[in-house]
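I have placed the structure first, in the form of structure tokens, so that the comments after it can refer back to it.
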Amino acid sequence: MEEKSYKEYLNHITTFIFDVDGVLTDGTVTITTSGEMLRRMNIKDGYALKAAVNKGYNVCIISGGTNEGVRKRLEGLGITDIFLGAHQKIEQLNEYITQKNINLENVLYMGDDIPDIPILKRVGLSCCPQDAAYEVLEICKYISHVDGGKGAARDVITQVMRVQGTWDKDFDAQYD
């Protein structure tokens, strides 16, 4: 049986779920002398996340990290479903899809490392940045052409929204 192209899944996505470290960030942490851990996020990812929220997609974050600065940034983009400190990510996924009555086949999940594998194996469209761990690269239906924290989330969001006709042509025209 021939493997389906990831593009065949794009039209069915209603829900975007992202890991944070290594997906929405580049996976590095800067530690200050006071012990605070600083992360870098990509503005282009933020723009796409906000556009998805504004168009009515479910947008959810499931991360093992607990940085409250990350929560503030994501809340500022309009994301309300943010689960930090989720060390059993699959349990958080199951709770979320049950609460929101979402079918797994309609979920796009982007992760980059071993803790993401249980979710990646269950969702309709498993995705990762091109610099994801080898074990993740092996199982994802789509590997972005960009690294985590460098626009990988923007890549998958815009592909889905363009196929579904929800990525406003005006968005692109503003920047041509």
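It should be emphasised that the depicted structure is a prediction, and the values quoted were computed from it without experimental measurement.
- Put simply, the side chain of Thr66 never gets that close to the backbone of Leu84: no donor and acceptor are under 3.5 Å apart.
- Taken from CG in Asp26 to CG in Asp131, the straight-line distance is 8.5 Å, to the nearest 0.5 Å.
- Residue pairs that meet the ring-ring contact (aromatic ring centres under 6.0 Å, His included) test with at least one member in residues 70-98, sequence neighbours left out, do not exist here.
- Both Val160 and Val53 belong to a common hydrophobic cluster when Ile, Leu, Val, Met, Phe, Trp and Tyr are linked at side-chain heavy-atom distances under 4.5 angstrom.
- Formation of a donor-acceptor pair under 3.5 Å by the Asn94 side chain with backbone atoms of Glu91 is not found in this model.
- The backbone N or O of Lys44 lies less than 3.5 Å from a partner atom in the side chain of Arg154, making a donor-acceptor pair.
- In the hydrophobic cluster analysis, where Ile, Leu, Val, Met, Phe, Trp and Tyr join through side-chain heavy atoms closer than 4.5 angstrom, Leu120 is grouped together with Ile114.
- Using a 4.5 Å heavy-atom threshold, the side chains of Leu77 and Val59 count as separate.
- Annotation: ring-ring contact (aromatic ring centres under 6.0 Å, His included) contacts involving residues 54-79, sequence neighbours excluded, comprise Phe16-Tyr57.
- A salt bridge links Glu68 to Arg71: one of the charged nitrogens lies within less than 4.0 Å of a carboxylate oxygen.
- Judged by distance alone, the side chain of Glu75 and the main-chain N or O of Ile82 form no donor-acceptor pair under 3.5 Å.
- Val156 is listed as a side-chain neighbour of Phe18, based on a closest heavy-atom distance under 4.5 Å.
- Formation of a donor-acceptor pair under 3.5 Å by the Asp147 side chain with backbone atoms of Lys150 is not found in this model.
- Side-chain contact between Ser126 and Ile139 is absent, with no heavy atoms from C-beta onward closer than 4.5 Å.
- For Tyr142, the ring pair (Phe, Tyr, Trp, His ring centres under 6.0 Å) partners at least two apart in sequence or on another chain are Tyr6.
- Val136 and Tyr9 sit in two unconnected hydrophobic clusters of ILVMFWY residues. Membership requires side-chain heavy atoms under 4.5 Å apart, directly or through other members.
- For the atom pair CD1 of Ile119 and CE of Met110, the computed distance is 14.0 Å after rounding to the nearest 0.5 Å.
- Cluster membership for Val23 and Ile62, using ILVMFWY side-chain heavy atoms within less than 4.5 angstrom, is not shared.
- Among Val107, Asn106, Thr15, Ile17, the one residue that satisfies the side-chain contact (heavy atoms from CB on, under 4.5 Å) test with Val123 is Val107.
- Separation of atoms CZ (Arg40) and OG1 (Thr30) is listed at 8.0 Å; rounding is to 0.5 Å.
- Remark: side-chain polar atoms of Lys141 are paired, donor with acceptor, to backbone N or O of Gly124 under 3.5 angstrom.
- Looking at Asn103 and His12, their side chains never come closer than 4.5 Å, going by heavy atoms from C-beta outward.
- Here the side chain of Glu95 pairs no donor or acceptor atom with the backbone of Gln92 at under 3.5 angstrom.
- Under the 4.5 Å side-chain heavy-atom criterion for Ile, Leu, Val, Met, Phe, Trp and Tyr, Tyr47 and Val70 are members of the same hydrophobic cluster.
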